[in-house]
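Questions regarding the structure given below will be posed in turn.
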Amino acid sequence: MKPEKKILINGYKHTLFEQDELTESEMIEESDAFYQFMNQRRSIREFSDKSIPKEVIDNVIKAASTAPSGAHKQPWTFCAVSNSGLKKKIRIAAEKEEKESYESRMSDKWLEDLGPLATDENKPFLEKAPWLIIVFKRVFEYRKDGHKLNNYYVNESVGLACGMLITAIHNAGLVTVTHTPSPMHFLTAILDRPDNERPFMILPIGYSKYPTYVPDLDRKSLDEVSEFYE
Ligand code: IYR
């Protein structure tokens with residue numbers, strides 16, 4: 001007998017989960033192909049100003065918002081900015097904080113560790129990229145009567161959503177970099193965000209400038225990043 005499509009559990013609606021099962025050889029092939037694809041992703045800091053369709057931005061945000069989250073609260077807001085006046089304001093404010101960080105807030109060891117990445121306080125990509133997605137975490141929600149309700153595992157949830165956003169951007173053939181100027185509260189003011197939101201990350205999105213060179217980095221091997229307990 002076929003299982004019911006919809007049932008109630010604890011009085012809450014549940015819907016039948018239908019899994020697209022692969023054969024073991026398909027699984028191996030697909031997981032390897034996905035790894036090869038993900039291994040092509042690089043953090044890119046030099047952008048072309050070539051425009052991209054807004055529909056792609058809609059789609060990558062929708063993909064990110066499928067991430068698992070504490071009690072399914074989806075504690076995130078993705079602010080997508082293409083407005084050049086706002087991008088300029090964000091760049092000026094971010095570079096001001098970054099200058100301070102590079103000149104005095106970051107330790108010598110930190111600066112040394114960033115050497116291979118050749119970063120500095122200049123962030124032209126904040127204006128050059130056709131879109132910026134500024135991710136905010138929602139630390140609490142307001143009930144209708146104004147009472148505050150905390151969200152759960154907010155950093156984990158929003159971190160997962162950012163990972164999926166980066167994957168979706170890569171899948172669309174576009175590039176990004178995780179940019180986290182510190183402190184980031186200027187984003188709350190520039191984007192006029194409510195007091196239950198905190199800035200989490202900036203992701204510029206677009207095409208890479210041609211030619212662009214990336215650091216010649218290796219990734220850790222499977223052995224270095226895993227322990228198997230069989
Ligand atoms: N936020 C600075 C510094 C920086 C820090 C780390 I850790 C990086 O992996 C890269 C950069 C910047 O964006 O330049």
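No hydrogens, no waters, no symmetry mates; every other heavy atom, side chains included, goes into these values. Read the numbers this way: they start at 1 and go in the same order the structure lists the ligands and their atoms.
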Note down each nitrogen or oxygen pair, ligand 1 side and protein side, whose separation is under 3.5 Å; give only atom names and the distance to 0.1 Å.
| unit_1 | atom_1 | unit_2 | atom_2 | d |
| --- | --- | --- | --- | --- |
| ligand 1 | 1 (N) | Glu98 | OE2 | 3.1 |
| ligand 1 | 13 (O) | Glu98 | OE2 | 3.1 |
| ligand 1 | 13 (O) | Lys123 | NZ | 3.2 |
| ligand 1 | 13 (O) | His179 | ND1 | 3.2 |
| ligand 1 | 14 (O) | Glu98 | OE2 | 3.2 |
| ligand 1 | 14 (O) | Tyr102 | OH | 2.5 |
| ligand 1 | 14 (O) | Lys123 | NZ | 2.4 |

(request) Verify, without hydrogens or angle tests, whether Arg45 (side chain) and Ala118 (backbone) share a donor-acceptor contact under 3.5 angstrom. (result) no
(message) Can you pull out every side chain to side chain donor-acceptor pair (under 3.5 Å) where at least one residue sits in residues 53-64? Sequence neighbours excluded, please.
(response)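 Applying side chain to side chain donor-acceptor pair (under 3.5 Å) to every pair that reaches into residues 53-64, excluding sequence neighbours, yields Lys54-Asp58.
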(request) Going by the side chain to side chain donor-acceptor pair (under 3.5 Å) test, name the single residue among Lys73, Arg138, Glu141, Lys137 that passes it with Asn151. (result)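 Filter result, single survivor: Glu141.
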(message) Going by the rule ring pair (Phe, Tyr, Trp, His ring centres under 6.0 Å), which residues pair with Tyr102 if we only count those two or more places apart in sequence or in a different chain?
(response)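 Tyr102 satisfies ring pair (Phe, Tyr, Trp, His ring centres under 6.0 Å) with no residue once adjacent residues are dropped.
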(request) Scan for salt bridge (Lys or Arg N to Asp or Glu O under 4.0 Å) pairs involving residues 208-230, sequence neighbours excluded, and state none if there are none. (result) Glu46-Lys209
(message) Tell me whether the count of non-hydrogen atoms from other residues, nucleotides or ligands lying under 6.0 Å of NZ in Lys128 goes above 12.
(response) yes
